[in-house]
Each structure stands twice: as C-alpha cells, then as structure tokens.
Amino acid sequence: MPNASYLDKEDPDLPICLEQTVLVWIPLGFLWLCAPRHLVSLCRRTRVNTKHLSKLYLSKQLVVSLLLLTAIAALAVTLGEDYGPSKDPPSTVKSPGVFYTNPILFAVTWVNIARFMFLYFLKLLLIKSQQTPMCILSFPKNHSGLSSMVVKGYKQPLVQEDMWELNEAESTAYINQRFQYFMQSELDSARVRFQNKLKNKRDKNRDMERGNKDDEKKKKKNKKKEEENYPNSWLITTIYETFKGILFESAFFKLLQDVLAFVSPQLLKMMISFTQDTSSYAWEGYLYAVLLLVVAILQSLFLQQYFQRCFVLGMKVRTAIMAAVYKKALVVSNDTRKESTVGETVNLMSADAQRFNDVTNFIHLLWSCPLQIILSIVFLWIELGPSVLAGLAVMGLMVPINGLLATKARKLQVENMKFKDKRLKIMNEILNGIKILKLYAWEPSFQAQVEDIRGQELKVMRKFAYLTSVSTFIFSCAPALVSLATFSVFVGVSSENVLTAEKAFTSISLFNILRFPLAMLPMLIAAIVQTTVSKKRLEKFLGGEDLASDIVRHDPSFKSAVSVCDGSFAWEKEAQPLLVSLDIKPGRLVAVVGAVGSGKSSLMSAVLGEMHCTKGFVNIKGSLAFVPQQAWIQNATLRDNILFGSPHEDKRLQEVVEACALVPDLELLPGGDLTEIGEKGINLSGGQKQRVSLARAAYSQADIYLLDDPLSAVDSHVGKHLFDKVLGPKGILKNKTRILVTHGVNFLPYVDEIVVLVDGVVSEVGSYNSLRVSRGAFSEFLDTYLIPEREDTQPDSPLEDSVSFTLKRENSIRRSQRHGRLGTPEGADESKAGQRLIEKETMETGQVKFSVYLQYLRAMGWGYSIMVFVVYFIQNIAFIGQNLWLSDWTNDAVEYSNKTYPASKRDTRVGVFGALGVAQGLFVFLGTLLMANASVNASCILHSRLLNNILRVPMVFFDTTPIGRVVNRFAKDIFTVDEAIPLSFRSWLLCLLGVLGTLFVICLATPFFTLVILPLALIYYFVQRFYVATSRQLRRLDSVSRSPIYSHFGETVSGLSVIRAYGHQERFLKHNEITIDENLKSVYPWIVSNRWLAIRLEFLGNLVVFFSALFAVISRETLDSGLVGLSISYALNVTQTLNWLVRMTSELETNIVAVERVSEYSELENEAKWVTDNQPPEKWPEAGSLQFENYKVRYRPELDLVLHGITCEIDSTEKIGIVGRTGAGKSSLTSCLFRIIEAAEGRILVDGVDISTIGLHDLRNRLTIIPQDPVLFSGTLRMNLDPFDRFSDEEIWSVLELSHLKDYVAGLKEQLQHEVAEGGENLSVGQRQLLCLARALLRKSRILILDEATAAVDLETDNLIQNTIRSEFSHCTVLTIAHRLHSIMDSSRVMVLDAGKIVEFDSPTKLLEKQGHFFAMAKDAGVTREEITAL
C-alpha cells in the first residue's frame, strides 16, 4: 500500500513499518549519541551528589526501568509466539496487557525524551544568551534565577545589594584592556595616515604657492578651518575588532529569525485555502495551527537570543568608551583640555557613549533590513506578479524623502547639542558660584541667560518635532499606500486578476513584514548620523595630544634634586614662554617669590611637566608631592583625603595631623577624621582645606615637595605654626627638598635659597642675606613690603603654647554645627549621623504615582492631551475599517468566481480602500503635530519651574547636595523630558490602541475567541506588573549609580595636576572601573529582565495566534475565508505589538521618573521673597550704621547656635576689623548680614531698618562684599562686572583704573569684551581678586564687607587693594574679616569673636593695653605697639 494513502483519511496514521523503525530509532539514536557525554560526566563526578535524586529524577528512573521490563516482556511474548509449544496458528489477538502498556510507556518515554531535548535545546540557547554572571556563576537555570530576582523585585524594591556580581569578561577592567589594546594599533595607523595627509597637503600648497602667494594664504587659512585636524576614522574599526565575537553570534541568530519570519505568511496561505476548501480533512487545519505555534515559538527564541547579545554588546561598547575617555582625561595635554570645558568632557562620557550604546543595539539591521525587504519582494512577486512593482515604486519614493528629512533632522540635532552644552556649562557655573550670585543678588541675570538659551533650544526642538511628524505621516501612510497601489494595479491590469483572500492576506502579512525594515532603516540611518557627530567628538578627544612625557626626566645620576636646564615653557604653543634655569640641591628649602603674574605657579606647573616645553628639559630625582594654590579636596572622608591612597599608619597620621594643626579641627568635626567631606571640600573652611592639602603632601613621604603658596589661606599664627612644624628647618619635612612659592616675607630669612621671578624670567637666585646685599629686584621687593624688622620673629620663641591655645579655642562651627550636635553621649550611631554630610540620593521606590502622569499631562495642557487621544483613536478606527473593507472585497472573489468582475464595483473597492488609508495617515500626522506642540510646552514649563526654584533655594541646600546631583536634574532628566517621554508616550498610545483593535477584529471574526481573552489578559497583566516593578527599580538603580561616575570624573578633571603630580593615575583608573562596574551591575539584570519578559509575552502572543487559528478551524463551516485571513494576519502582528506595549509601558514608567525627579527639585523650600511690598527708601542705607540686637543664628533648625546673642552698634563710616580663630563665627556674621542664614532670634538694623522685613534683593543689592574666593563666570569681563548692564563703559573703565586693572584690560585684544574662561582660569588669582574689588567699587554701596579678601594675594596686590579701599571707601562703613592683623591695625575698632560671642570690642590700641585675647593674637603675629603708632 503506498504511503500517500495513509494521509488521505479522516484520522491519518503512519505506516506500521515507519512506526516500528524510524519512530523507534529517532529517540534511540538520540540517546546513543548523547550517552558518552553523560557517562563521562558521571565518571568524573567522584562524590555522589544526592541533590540530584529529586522526585522527577526518581520517576524518570522508574519509567525507564518499566520500559526495560516491557521491552523484555514484548521480546518474551514474541519469542513465545514464534517458538512456543502451542501448535495453534499464531494468535492474531495480542495479549491485551502488553498491548496497552507498550504504547503508553512509549508515549511517556517520548514525552520525557522530547522534554529532555527541548530543555536541552532551550538551555543551550539560553545559557548562550546570558553569558552573564547570573546564569553561569550563580545558577544553572538562568531564567529561573532571574525569576527569583523578579519576584523579589515585585515584593519589595530592589537595592544595589541585590545585584549579582559581574564575571570577569563583563567587568570594566577586562573590556577596557581589550579595547585599549586594539585602539592603540588603530590609532597609531590613523596617526600615520593623518601625517601623510598633512604632508601631501603641504606639498600641494608648496607647488601652488610658487604660482600665487597672497591669494593662497587666504585660501589656506579657510581650508585649515574646515579640515579635520586630528586623526580620524579609527574608532569604529576599534570597536569592531574588540567585539567581533558577539557581533557574529548575534548576526547568526538574526539570520535564522529573519528566515523564519517568512514561514508564517505561507502557513497563513495554506490555512485560508483550507477554510475555503470544505473537502479537506480537519486534521490538516489542526496541523497548520500547531505549525503556526511552533514556528512562532522558534522565532521568539532566536529573536531573544539576538537581542540579548546586541544589548550586551551595546553596553560593553558604552563601557569601553567611558573607560577610554576617563583614561584619556588623565593624560590629556593642556591644549586638548582647553578645547573642551569640564561639562563638555563629562558629556563625552554620558551622552556620546550612550549614543554608541543605542546604535550598537540595532546595528545588524543594516544588513537584516535589506535582506527582509528582498525576501518580501520575492514572495510578493510569487503572489501578485509584476503589480508588486507599483507598491515598490511607492516605497522607493519614500526613501529619498526620508533621506532629506534625516539630513535636516541631523542639522537640528547638532544645533541642539550646541545649545545643550552651552546651557549645561552655564548651569554648572551658576551652581558652582551660587553663593556669589546670592550675595550680589545676580540670580535674575543668570536666570535670563539660561532661559534665553533654553528658548533657542526649544525652538530647535519644535522644528525637530515637526520634522518627525512629517516623517511619521509618511510612514503611517506607507503601508496603506503600498497595498493600495499594489492591489489597484493588480485588479486593474486585467479582468482575470481577482483578489482572493489568500492573495490579499498573504500579501498583507508580507507587507507587514516589510513595514518593519522600512520603518527601521531611516531611523537607524538617523541614529547612525547622530552617532557620527559623537564619533567625531570622541575621536577628536581620544586622538588628541597627550602630555609630553619626555619633558620631565627621572635620571638618578643627576646630583641635584630638581634641575631645569635652560627650559622655555608655555601654556599654549603660541603663548609667551616662561624662561627658567634652576638647580636645586637635595634637602634644601627654596622659596620662590615675585609679583602677581610673574609666573610662580607656572614654574610649578613646568616642574610637574604640565606645560609645553619648547626647549630644554626638567629632571627630577625621586618622587613628588604637590600642594596647589587652591586646595583640591575629594568627596571622601577626611582621612582618605590625607592618606590619598597610601597605607594607613596610625603613628604617622597622628604626627602629620598635629604638625598641620588639624587636631582641634578633628575634635570639632562630628566624625573625627572619618567625617565625610563634601564635593570641593564644601564643609571645610578655606584654611582647613589648605591644611588638609598640606597634610596629604606631608603624609605621602615623597622626596620633593612643590608647595604653591599653601600658607596664604590660613591665619598668620597658624601659618607660622605650619612653617615651623612642617616646612621650616625644624619641621617634619626638614630633610626633604621643598620648593615653596610664598608671599609671606616673614619666612624668607629661614629658607636656604630664594628664587626671584620677574615677568616669567628668573632674575636672581641666592640666600636671603646675599640677595639683600646685592640690591637687585629682591631687595626692592622687600623694601616695598617688609614691615620694619622685628626682634621677636625668632622661630625659637615659645610659640607652641600660644598656637595650641588659639587652636584649642577654635570652635569650628562652619562644619560641626551644620551636622549635628557634638558631645552627645548616645554613642556610636550619633557620631555616624554627623559623619555623613551628603545625604544619599533619594530614590523613589515602588510604583510611580499617578499624580506624576497627571502633572506631565497638565504641563502639556489638557486640551492638547484630549485632542491627541481622540485623533489617534479615529486613526485606529480608520485602520480597522480599511482591513474589514479588504476582507469584504476578497469575498467578491467567491461571488464572482465564474462571472466577469464589474468595473464600477472594482473602482469603488479601490477608492474606498485608498481613502481610508490616506485618512489614517492624515490623522496620525495631526496627532503627532499636536503631540509635538504639547510636549514642547511641557518641556518649557518643567524646565523653567526647576530653574526658577533652584535659584531660590537657601544656601544650606547647596552645602549638603553634591553639584553633580543638581546638574544631573538639568542634564539627564530634562533630556528625558525633552526627548524620551514624548516619544514613549506616543508609542505607548499607538500600541495600546493597536492591541485593542487587533483583539476586536479577532473577536469579530471568531466570537469563540472572547473566551480566551480573559485568561490571557490576566496572565499578561501579572507578567507585566511583575516585570515593570523590577525593571523600573533597575532603571532607577541605573540612574542613581550613574551619578557617581560623572561626579568622580568631574572631580578627577579638576584635580588633574594633583593626581598627576602624585602619580596616582592608576588608582583613579581603578576607582573609575569600580564605579562603572557598580552601574553595570544594575544594567545587566535590566537587559536580562527585558528578555525574561519578552519570552513570556511572545509566548502569550503566539498563543493568541494559535487560538485564533484553532477557532477558525473549529468554526470553519460558518466563516468566510476573508475573515479568517483577517483575524490570523492580525494575530500574527499582535505578538510584536503586545511586546511593544509592555516595553512602552515600562519605558514610560521609567522615563516619567524624570518628571518626578524634576518636580522634586521644583518643590524644594525657598528662601525669603526676593522683593517684598515693604521696600526700603530709594537711597537706603544713607548713613550705613549697623545695629545687632541679641542676634542668634543657627545653620539648620536642628543644630546648635553659631552666634550666641551678638549685641553691638557700628556707627556710620566706621572701619571695623573682625578677628577670631577659624570658625569663631566671623564668616557666619557676614552670612547673617546678607541673610544667607536667617536669624533664630534677635535682629539686625541697618540705618534703623530691620533687614528681615525687606526683600532679599533689596537688601543684597545695597550691601557689597568682596568674598573669600574670587569667583568669575565664563562670559565677557564686562558681564562679570555688570551682568545687568546698569553702568556705562566709562564708569567701568574708571573702576578698572581704581582697581589697577586698566592697563591689563586695555592691553587685551577685545578689552571689556575679553572672554573669561570657565571659573576665570585664564586670569591669575590676584587678577581675579582685583576684579572682585572692581565689582565692589561699581556698586557704590555704603556698607562694604571684606571677607579675608587678602588671603590669596601677594603683598603687592594686597597693598593695592588696601590703598584703594582706604581711599575709595572712606565714606563707607567697612567690616573687614582679617587673617593678617596688620591689615586691620588702622581700624577704628576691632571686634574679637570667640565661639560665636563677642569677647572684646574696642580700638586696637586699647585692646593691646588690655592684654586679653587680641593682645595674644597680636603677639603671635608679631605686631607691636610701636607699629601701630607708626601706622
């Protein structure tokens, strides 16, 4: 009997011979093939692992042994039948027992084997897919492992501690090492190419120049600007080389999945012909339904494999780039560093690396999209013949249009990046200089600047959104237009062509496959275009010059410790060089002196190798330690700041801390040396930062110490103590080589050698006495500054007691009061409370509150929100209508099967079909336009609320919040609000409507389906809730663990010279790797959780397909083929849409967190109103008298008082000096005058007006302060003096003349429009201080406060400032907070503060006679009565 006939029955069966051979041999073969491997592993395992004796295992063993018995029984029966004693003819009836057991047991084995095969296959697939710590290290059944995390995440919010450890291949260190290896070779060859290119260009120019020189020069200049002047096109190849393994693996899976995608339409075609052909057997239908399910499941598995690899790849690329940027930042030369600000460099790490991450996720679509397109066309051709070309023509037209849109979009994107950079730069400066802005009441000016840039940025965004809506319109029309063109041509070409259901729906499902690559390609191209911008920025930075490592040599054969052999150094290649020759013997103390801007700090940088060396070299024998002029403090504990990576030795630490006068500070800090120091050392005073910086150097036990004016920021007696105990001939560094830049003339007699700098040239070198005698530049310098010689400066006078006395008196309110009560006996947890200054970043947990969504919708505007929804809804109706019309159309084929098809009918069919298609497109266009306007509205409102509020938050907030965290709100979160939320919101809406539409159509076609909807929906809901809870929390962990990466990076960039001087680059690289790893730990599970979800969801989607097919088979009698085709082709689409819906829901939840974070900072408590109705008189304060009445103040409500009831009166035009040990409350007093901190009790009257009753700006505009650290903002000089443009240029010039800057400014090319660099980097500290003086002069107020203004300035500048203040502010009330007692000896009265109380308040002479606190301080500083009389 031929085998074919076996299938031609109601219940098909396989031929017996096949059953007994092939079917038995398949499992046996499988077992035989797998046996050796299992046996080997069994033999290897020496100990018996009882864990494997599970119930499942035992039941399997039981079944197998029964099988064995059956097999033996069957054999026995057969043998018995053949050779048995019975002489009857062989019985045809087998004994029923065996008859039943055999098939059952075979079935069970089959199930077992099938299960084993499937699991084995799955495991192979999945384990491959997550070669992540989670599956291989932590657990074998990897997805179930993730399930445990998902369940945990659902029960309670996940925290960083729940994350799994990374394995070696995923760690930053490993990725970076591989990447650097390939990068080096690629970059080298790129540099060679670049050099050749330059050479060719030079030759070309030379040939041309012979012809016509002048013309050429102009051209050459222009050309040079356009050319890319750095080695390029090496980054992509490096990435490829590093990660090609994963690339090829993922490509393989993608290929399998693409091919499988085309099996479903063919099955659909068979299915439809099955419903039409009533004679076919039912089992065929069931077979097709099952095949649809199997194909779909395989497709899902391959797709998830591919995604897993791609996302991991994207993440690795991001990691590699971040690590590379960090590494480069540690060695980058000053030129390259100047080209980009800190903000821009951090941007390379955050935005640009992220771009690469996003593109690599989808990079395979570059070949997969064309492949899918070609395959679709081939199958379509088979279906519809040449009329497909019509549809293709329409698609072809779309491509150039999209190309055009993409290039426009790219231009806008670049523009947008510019504005973003600019805005973030200003924000960074505002936050860094927020105290100055508050003191000067300059917030409105800067707010306007930011709002201005933001306005431009939003304009660009709006344009961009409109462009997107045009391209969306084209896309949404595309499928409709394409099918319209194809079908109308197909029907119109000849009357024989009738649109049947199989043709129509197979084509439509093929067109659906086509939609994806066509939609993705332009998006991918746009993304790649954006990434090329990032690629250029990264290549420029990573390919930039490194610091030349050969400037500083370490040749031990030299006799001297530091020698500079006729060196010529400059900051920039073209700048004025510094000419130095120096030779410093080991173990000597060398002082470097000179006026402001004479190149003292530059000399330090030159020795460190931070400058361009045009000739000569530096040799250094031994290790270095460096104390910069402005102390660089890390956000770590005080102890870590001092140890700076060296091992902790208690004795040495104690010695250093004592020598650096830090003991009293430590007693006052809540956590002792374990107190956490805020970013930039926010909770230490200037003097303390400097002492910590000095302690770091002293602890490092280097051979050579470079000290850039460390003594200027501390009180005079503390300076003296530091010199004696640390730097001087008897200090702890007495045997080391020390180079000390100093302005303190008093120390010069005790140094071994003095180097005098004049205008960047060493003018004299020698000992103190020899230089005095030689009457050169040095002795002029001394005669100008040295207050007549005194006897009691001998360092051997009993200094110790007085210093320890003044140090003990210090009550360092600055910090301690800020952080909690001291001396509470409650024990450890109390001290812990004080140690942490920076609160951990708050992280919302649990479900995002619904109110946040409402807040966003409110920001968008209710009208807009509702309209968007309605428009999209109508669009969806049009879509469904179009497809129902099509299914109706295909039924014509049955109606007119033997008749000719009437032309009029054909035209109506085509017309309505087309109209509905275009309607869809128009509605989508409209919806997207509305959405664009709405989202730009929302962005505008949310940003201005945030900015408005941040500028009105009290100072305390900035002291306890790292700047990085606030910047993060303005960068990452606003970016999300601008770009991510509108997108995910739109996609979510479309997906939701799409899914609902699909279910509606399927139910319409097969009403049975409604039964399945409920259980499926329930499962779906639970999976989604579980997943979203975990995913959201993982995203939150991700963004919280990202901040430290950027903070640490920003910190590193600002402390580069220190890190390089100590040679600690490696340690910082390590730390960077650890922070990135912490971040990866939450990114990894996130990627896997997406796959976890997708597998489950796609399985649900596949069930929808299966059921819709199954019900179609069951009720095929009542259905017309059009509806079957419709419902199944819809169902085939649903898998993708369901998947997207959950993805979008979770993405929307994730992104909406940004709104939550932004609004959190928009609702912080504000300080008092800037302007109130109670305005002071126009001329107030006219006299400038001050009254304090029992004034008490504390930093925060829960802390102790800082000032304990200050009562005093200060008359008009009095000059008051305020002295007291660091932290006695001097700075707090000024903060109170400006109401930076508000009174707890009592009041301050200025000219009889209680300052707490008027607006802050009214108050702050009428007072003037010259602050401790001169803060400048990037912008013009003019803007730095007068941000509101209130004064004329003449006034500004006269002020510059008074502050001795006129010659300098007049000498600049742009004069008043001269651009000041970020933080005033391109001016010396002295010049910055003078600019601050000019600011004060401009304001002409009656009350002037000088806050230790002379601390960072050399004597010359100090003198200039003092004289200007004496002459220009003679009619004002001046309060001076002094470090150097000399500067206040001519005050009318001196206020001595101690622990927040006034202990003495009288004229200097009387105080000296009184012999109290002031007398003791004066004695330490070496001020005598004679001097005062002299003054």
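Small disclaimer: the values here were computed from a predicted structure and weren't measured. Only heavy atoms go into these numbers, but all of them, side chains included; no hydrogens, no water, no symmetry mates.
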Parallel, tilted or perpendicular: ring planes of Phe243 versus Phe179, cut at 30 and 60 degrees: parallel
Crowding at NZ, Lys327 (>12 non-hydrogen neighbours, <6.0 Å): no
Residues Glu241 and Arg178 bridged, charged N to O under 4.0 Å: no
Aromatic plane relationship, Tyr240 with Phe248 - under 30° parallel, 30 to 60° tilted, over 60° perpendicular: perpendicular
Working for side chain to side chain donor-acceptor pair (under 3.5 Å), residues Glu1098 and Ser300: CA-CA 6 Å; Glu1098 294 207 349; Ser300 300; 2.7 Å; yes
Closest heavy-atom pair and its distance - Asn357, Thr360: O-OG1, 3.0 Å
Asp1077/Lys1081 ion pair, N-O < 4.0 Å: no
Side chain to side chain contact (heavy atoms under 4.5 Å, CB included) between Phe1106 and Val290, worked out: CA-CA 7 Å; Phe1106 175 62; Val290 172; 4.2 Å; yes
From Ile1087 atom CD1 to Ser1089 atom OG, the distance as rounded to the nearest 0.5 Å: 9.0 Å
Distance, nearest 0.5 Å, that separates CG of Asn1079 from CG of Asp1038: 5.0 Å
Distance (rounded to the nearest 0.5 Å) between Trp988 CH2 and Leu990 CG: 11.0 Å
Side chains of Phe541 and Val325 in contact at under 4.5 Å (non-hydrogen atoms): yes
Positive for side chain to side chain donor-acceptor pair (under 3.5 Å) with Glu249, one of Gln305, Arg309, Gln308: Arg309
Side chain proximity check, Thr486 to Ser507, heavy atoms < 4.5 angstrom: no
Nearest heavy atoms of Ala323 and Thr172, plus distance in Å: CB-CG2, 4.1 Å
pair Ile363-Leu366: side-chain heavy atoms closer than 4.5 Å: yes
Derivation of the side chain to side chain contact (heavy atoms under 4.5 Å, CB included) call for Ile239 and Phe182: CA-CA 8 Å; Ile239 292 176; Phe182 289 112; over 6 Å; no
